[in-house]
**Student:** 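Take this structure, written in structure tokens, and hold onto it; I'll ask about it next.
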Number of protein chains: 2
Amino acid sequence: MLVAVDCVIFGFDSDTLKLLLIKRGFEPQKNKWSLMGGFVQPNEGLDSAASRILEQLTGLSGVFMEQLFAFGDPRRDSMERTISVVYYALVDIGQYKKQLSEDYHAEWLPLTEIPQLIFDHNQMVEMAHERLQYKAALHPILFELLPARFTIRQLLDLYESVYGKELDKRNFIRKLQSSKLIIRQKEKEKGSSKKGAFFFKIDKRKYPFSLKSFISFLPTKEIFH
Amino acid sequence: MLVAVDCVIFGFDSDTLKLLLIKRGFEPQKNKWSLMGGFVQPNEGLDSAASRILEQLTGLSGVFMEQLFAFGDPRRDSMERTISVVYYALVDIGQYKKQLSEDYHAEWLPLTEIPQLIFDHNQMVEMAHERLQYKAALHPILFELLPARFTIRQLLDLYESVYGKELDKRNFIRKLQSSKLIIRQKEKEKGSSKKGAFFFKIDKRKYPFSLKSFISFLPTKEIFH
DNA sequence: GCAAAAGTGTTCGCAGTACACCCATGA
DNA sequence: TCATGGGTGTACTGCGAACACTTTTGC
């Protein structure tokens, strides 16, 4: 039985939530869109395999990544019996610079415009999005999608695009501040407004701990629909 | 590469949270405690494999069961490279009647007194317990561990043993009632008190939906530690 | 009548929500 | 001076938490 790893890679470009997909340049299913994946090597753990695959495609390491689910329907891959262990990753889209269009034709596509993917990859994407919504409602993981310095507006836009709904700016900011998780910087971002918006950073001393604790910046009643 | 499924089976006997473990009557690791598991068959999905294994051991089907995690460290099984997809199940311990002591010497052991298990099974148990705590804090899944008719006291004891801490009975009951998820029956349970405690049932019309929604009977601040 | 568990009620404080205005600045 | 996005403030409401007493009944 074959064991593969597939990666659902999320990115955010200051406006829309995107996925990094590849147009396969090789058989089977050449020229079809798919997630980036690969087989688990004999001396490699699942996490390592996922990191390796992510690095192959993005050149990035040390990125937030988490196991999502194992897909094992006997008919999911028409060729051979394959189990796929799916991971999802959150990357700062600005960091992604790699050109790999020879091996993989990779592109960032908006989550709302995902084409038909091979095998059960659409189902994986859907589950990853649900998990992201679920997890981000309770833990501050969305910061992983932003650069080290970000504005409140960027963060708000990010939350709104993850949940596909508008949030009250004032309440959002208040919750953020009361969490004491972000630190205001001296510099301002001047591109998108005349007044300029302060940059913020994560408080690194608190952040790793808060990842495991319950912090919600959303209206609690709407956490899940 | 081999693909196995292992099952962490939770039960509750009106006092303590327990796991169903087997003492292996076969090699390798004969006479050591382990989770119940087996290899995924060629024409079988992962969920089906898990259900099959659960039924082999308990005789039960249609039980709450959910994929937990895929374990794939290359050294986790000393014999062969094996990926294990772990499921956890919640069963009404009263339903379990099967005698299988010939093939498997199975026993319900308190979660607090789990012996050393083979391979990485202790790690699986630990993760399953964490997941149970996490999930049950947000969704009413613990009902799956109780018989169809139960008393408030049983439910409270169950929550207390899952979280290892005491809960305020009055607030607990109020939250339960406001959830409108349970229906009081006419009969009382007379065994453990003189006054007698009413039986309750789940409102089946609402229950399947609420499984997906956010309902907490715990003090919200303490949801995760 | 007393022990033992069942079951009910109240007060308080804070967190969440809804909602509207002032600020700074470049053009 | 005005348009644009940035950032702050308030009042209300309801839920969650803390806490104690009454009820029932078998012995």
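Below, each value reflects all heavy atoms present in this structure, side chains not excepted, and no hydrogens, waters or symmetry copies. Below, chains carry the letters A, B, ... as their sequence lines are ordered, and counting in each starts from 1.
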**Student:** Need one value for Ser178(B): base, sugar-phosphate or nothing, where a base atom within 4.0 Å counts as base even if backbone is also close, heavy atoms only.
**Tutor:**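 Here Ser178(B) touches no strand at all.
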**Student:** Set out, line by line, the N/O atom pairs under 3.5 Å between protein and nucleotides 11-13 of chain C.
**Tutor:**
none

**Student:** Enumerate, atom names and distances included, each donor-acceptor pair closer than 3.5 Å involving a side-chain atom of residues 141-151 of chain A, sequence neighbours excluded.
**Tutor:**
from: Glu144(A); atom 1: OE2; to: Tyr207(A); atom 2: OH; distance (Å): 2.8
from: Arg149(A); atom 1: NH1; to: Glu187(A); atom 2: OE1; distance (Å): 2.9
from: Thr151(A); atom 1: OG1; to: Gln154(A); atom 2: N; distance (Å): 3.2

**Student:** Go along nucleotides 19-27 of chain C 5' to 3' and tag each nucleotide: B for a protein heavy atom under 4.0 Å from its base, S when only backbone or sugar atoms are that close, - otherwise.
**Tutor:** BB--BBBB-
**Student:** To the nearest angstrom, how far is Ile182(A) atom CD1 from dG7(D) atom P?
**Tutor:**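 Atom CD1 in Ile182(A) sits about 10 Å away from atom P in dG7(D).
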**Student:** Nearest whole Å is fine: how far is dA5(C) C1' from Gln154(B) CD?
**Tutor:**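 After rounding, the reported distance stands at 14 Å.
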**Student:** Around atom NZ of Lys201(A), are there more than 12 heavy atoms from other residues, nucleotides or ligands closer than 6.0 Å?
**Tutor:**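 For Lys201(A), atom NZ is not crowded (no more than 12 foreign heavy atoms under 6.0 Å).
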**Student:** When you measure from the side-chain N and O atoms of Gln177(A) to the phosphate of dT8(D), is any distance below 4.0 Å, counting only OP1 and OP2?
**Tutor:**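 Checking dT8(D) against Gln177(A), a side-chain N or O does come within under 4.0 Å of OP1 or OP2.
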**Student:** With a 4.5 Å cut-off on side-chain heavy atoms, are Met127(B) and Phe71(B) touching?
**Tutor:**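 The answer is yes; the side chains approach within 4.5 Å.
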**Student:** Round to the nearest Å and state the distance from Leu167(B) atom CG to dA18(D) atom C1'.
**Tutor:**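 Rounding to the nearest Å, CG of Leu167(B) and C1' of dA18(D) are 14 Å apart.
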**Student:** Any side-chain heavy-atom pair from His139(B) and Ile215(B) closer than 4.5 angstrom?
**Tutor:**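 His139(B) does not reach Ile215(B) side chain to side chain.
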**Student:** Whole-Å distance between dC15(D) P and Phe217(B) CZ?
**Tutor:**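 About 15 Å, once rounded to whole Å.
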**Student:** Between C1' on dG9(D) and NZ on Lys175(A), what's the gap in Å once rounded to a whole number?
**Tutor:**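 Roughly 17 Å, once rounded to whole Å.
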**Student:** Which part of the nucleic acid does Thr151(B) contact within heavy-atom distance under 4.0 Å: base, sugar-phosphate only, or nothing?
**Tutor:**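 The answer is nothing, as Thr151(B) stays clear of every strand by at least 4.0 Å.
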**Student:** How about Leu90(B) and Leu132(B): do any of their side-chain heavy atoms sit closer than 4.5 Å?
**Tutor:**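 Side chain of Leu90(B) against side chain of Leu132(B), heavy atoms only: contact under 4.5 Å found.
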**Student:** When the ring centroid of Phe200(B) is compared with that of Phe198(B), is the distance short of 6.0 Å?
**Tutor:**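 So the answer is no for these two rings.
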**Student:** Please determine whether a side-chain nitrogen of the Lys or Arg among Lys180(A) and Asp203(A) lies less than 4.0 Å from a carboxylate oxygen of the Asp or Glu.
**Tutor:**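 The answer is no: the pair does not qualify as a salt bridge.
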**Student:** Indicate whether the side chain of Glu55(B) and that of Thr58(B) have a donor and an acceptor atom separated by less than 3.5 Å.
**Tutor:**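 On atom types as modelled, these side chains do not qualify, holding no pair under 3.5 Å.
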**Student:** Under 4.5 Å between any side-chain heavy atoms of Leu109(B) and Leu19(B), yes or no?
**Tutor:**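 Heavy-atom side-chain distance check fails, nothing below 4.5 Å.
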